[in-house]
Engineer: 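Here you go, one structure.
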Protein chains: 2
Amino acid sequence: MTKPDDHRGVAGMLCFSLYSASHAFTQLYRPLLDKLGLTYPQYLVMVSLWNRDGQNVKELGNNLFLDSSTLTPLLKRLNVAGLITRTRNPQDEREVLLHLTEKGRALQGQADDVMHCIGDAVALEADALDTLRATIDGLRNRLQARAR
Amino acid sequence: MTKPDDHRGVAGMLCFSLYSASHAFTQLYRPLLDKLGLTYPQYLVMVSLWNRDGQNVKELGNNLFLDSSTLTPLLKRLNVAGLITRTRNPQDEREVLLHLTEKGRALQGQADDVMHCIGDAVALEADALDTLRATIDGLRNRLQARAR
DNA sequence: CACAAATAAATCGCACACAAATAAATTAAC
DNA sequence: GTTAATTTATTTGTGTGCGATTTATTTGTG
């Protein structure tokens with residue numbers, strides 16, 4: 001919260017701007033991702049695996065800032081949907097390795113359409129967008145540093 | 001999503017910056033709000049009612065961009081905690097009016113400490129913060145307009 | 001007045017998030 | 001080399017979010 005004494009309720013709080021904008025993104029994604037049979041968090045997992053296949057749960061969690069208690073059930077759903085496999089690492093049986101199936105890899109093609117639609121709605125020039133993203137990432141990093 | 005062809009996974013996506021920054025805020029708030037016995041969404045409801053007491057569920061939902069299926073159970077918990085009352089509007093029995101109890105009003109004093117802690121972590125000058133908030137709010141409004 | 005349409009909440013089902021506790025495997029210490 | 005500490009993932013329980021449906025009340029139309 002940022003302005004203790006204003007009279008605008010939640011509207012003046014940066015945390016709420018982020019909270020509501022993030023939900024607005026999810027709402028915009030929903031009908032697009034429905035066509036791929038994915039939820040928004042599932043889509044983030046797929047993006048991460050399209051970028052680097054064969055991550056374990058820990059690495060994926062570090063990339064998405066999510067913990068295994070969130071990811072385990074989500075990954076099971078992606079597995080049931082036939083998009084990924086979950087296998088123990090023979091070198092270290094504690095780790096579960098995540099690999100795209102053929103079907104999971106194929107889905108990346110359809111995802112390009114999704115990104116295009118979202119880009120239109122965001123309606124920001126490339127450099128304005130980079131600046132905004134960098135500002136928000138910097139903020140997130142400061143918040144996470146405090147939360148330890 | 002913003003950059004289809006980069007090689008950075010989720011890290012290059014504005015939606016993910018918002019998503020992860022919003023969660024980081026929640027994590028920072030958690031230990032502070034634990035002392036008040038509130039979750040972050042419950043805190044948003046209290047802020048809205050501190051700003052304007054006596055809203056109905058619909059109005060509150062418009063302010064927070066949340067719908068009654070989310071709010072009803074949350075409001076019941078605040079009611080059980082003794083922070084608010086839920087009464088039907090005699091003039092229109094469809095509406096449920098939300099009023100702070102004495103205990104609920106009293107909690108606002110402790111919330112000032114929370115805001116102070118958060119403000120420190122955000123570490124932005126007032127005008128930089130206003131600009132950022134306005135940018136994100138503008139983005140949210142564009143996304144919501146597309147989502148209809 | 002009667003009765004269909006609209007509105008406000010609540011209910012139900014599913015999928016996150018995350019703290020806390022547990023289980024299994026590896027590494028460290030001695 | 002056996003035991004303790006650490007690491008990785010799963011399980012459990014609570015609280016959101018939200019689509020879809022349902023219930024109750026009010027408004028609109030003839």
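Below, read A as the first sequence line, B as the second, and so on, with proteins coming before strands; counting in each chain starts at 1.
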Engineer: Looking at every non-hydrogen atom in both residues, tell me the closest pair between A:F16 and B:Y40 and how far apart they are.
Structural biologist: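 A:F16 and B:Y40 have their closest heavy atoms at N-OH, 3.7 Å.
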Engineer: With sugar-phosphate meaning primed atoms plus P, OP1 and OP2, does B:L71 contact a base, only sugar-phosphate, or nothing at under 4.0 Å between heavy atoms?
Structural biologist: nothing
Engineer: Does anything in residues 94-106 of chain A form a salt bridge (Lys or Arg N to Asp or Glu O under 4.0 Å)? List the pairs, not counting sequence neighbours.
Structural biologist: A:D53-A:R105, A:D92-A:R94, A:E102-A:R105
Engineer: Sort and list the pairs that fulfil salt bridge (Lys or Arg N to Asp or Glu O under 4.0 Å) and have at least one residue in residues 137-148 of chain B, not counting sequence neighbours.
Structural biologist: B:D137-B:R140
Engineer: Looking across every strand, which nucleic acid part, if any, lies under 4.0 Å from A:T39 by heavy atom: base, sugar-phosphate, or nothing?
Structural biologist: sugar-phosphate
Engineer: Which residue pairs pass the salt bridge (Lys or Arg N to Asp or Glu O under 4.0 Å) test when at least one of the two sits in residues 21-50 of chain A, sequence neighbours left out?
Structural biologist: none
Engineer: Verify the contact: side-chain N or O of B:Y40 to OP1 or OP2 of D:dG15, cut-off strictly under 4.0 Å; return yes or no.
Structural biologist: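 No, outside the criterion.
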Engineer: By nearest atom, which of the nucleotides D:dG19, C:dA17, C:dA20 is closest to the A:S69 side chain?
Structural biologist: C:dA20
Engineer: So, is A:R30 close to the D:dC18 phosphate, meaning a side-chain N or O under 4.0 Å from OP1 or OP2?
Structural biologist: no
Engineer: Output the rounded distance in Å from CZ (A:F25) to C1' (D:dC18).
Structural biologist: 19 Å
Engineer: List the atom pairs, donor and acceptor, that lie under 3.5 Å between side-chain atoms in residues 73-84 of chain A and the rest of the protein, sequence neighbours left out.
Structural biologist:
from, atom 1, to, atom 2, distance (Å)
A:N79, ND2, A:I84, O, 2.9

Engineer: Taking only side-chain nitrogens and oxygens of A:Q91, does any of them come within less than 4.0 Å of OP1 or OP2 of C:dA25?
Structural biologist: no
Engineer: Would you write the dot-bracket representation of DNA chain D, where each base gets (, ), [, ], | or . depending on whether it forms a Watson-Crick or G-U pair under 3.5 Å and with which partner?
Structural biologist: ||||||||||||||||||||||||||||||
Engineer: Here's a test of your reading of the structure: between A:A24 and A:P73, which maps to the more 5' nucleotide of DNA chain D?
Structural biologist: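 Here A:P73 is the residue nearer the 5' end.
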Engineer: Whole angstroms only, please: what is the CG-P distance between B:N89 and C:dA10?
Structural biologist: 13 Å
Engineer: For B:L98 and C:dA10, what is the distance between atoms CG and C1' respectively, to the nearest whole Å?
Structural biologist: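 In whole Å, C:dA10 C1' and B:L98 CG are 14 Å from each other.
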Engineer: Is there a chain of hydrophobic side chains (I, L, V, M, F, W, Y, each step under 4.5 Å between heavy atoms) that links B:V57 to B:L97?
Structural biologist: no
Engineer: Might you point out which heavy atoms bring B:F25 and B:V122 nearest each other, and give the distance in Å?
Structural biologist: CZ-CG2, 3.7 Å
Engineer: Could you list all N or O pairs between the protein and nucleotides 6-9 of chain C that sit under 3.5 Å apart?
Structural biologist:
from, atom 1, to, atom 2, distance (Å)
C:dT7, O2, B:R94, NH1, 3.3
C:dA8, OP2, B:K58, NZ, 3.2
C:dA8, O3', B:R94, O, 3.4
C:dA9, OP1, B:V57, N, 3.1
C:dA9, OP1, B:V96, N, 3.2
C:dA9, OP2, B:K58, N, 2.8

Engineer: Under 4.0 Å: is that the gap between some side-chain N or O of B:K76 and OP1 or OP2 of D:dG15?
Structural biologist: no
Engineer: Can you find a side chain N or O atom of B:Q27 that sits less than 4.0 Å from OP1 or OP2 on C:dA19?
Structural biologist: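 Looking at the OP1 and OP2 atoms of C:dA19, one of them is under 4.0 Å from a side-chain N or O of B:Q27.
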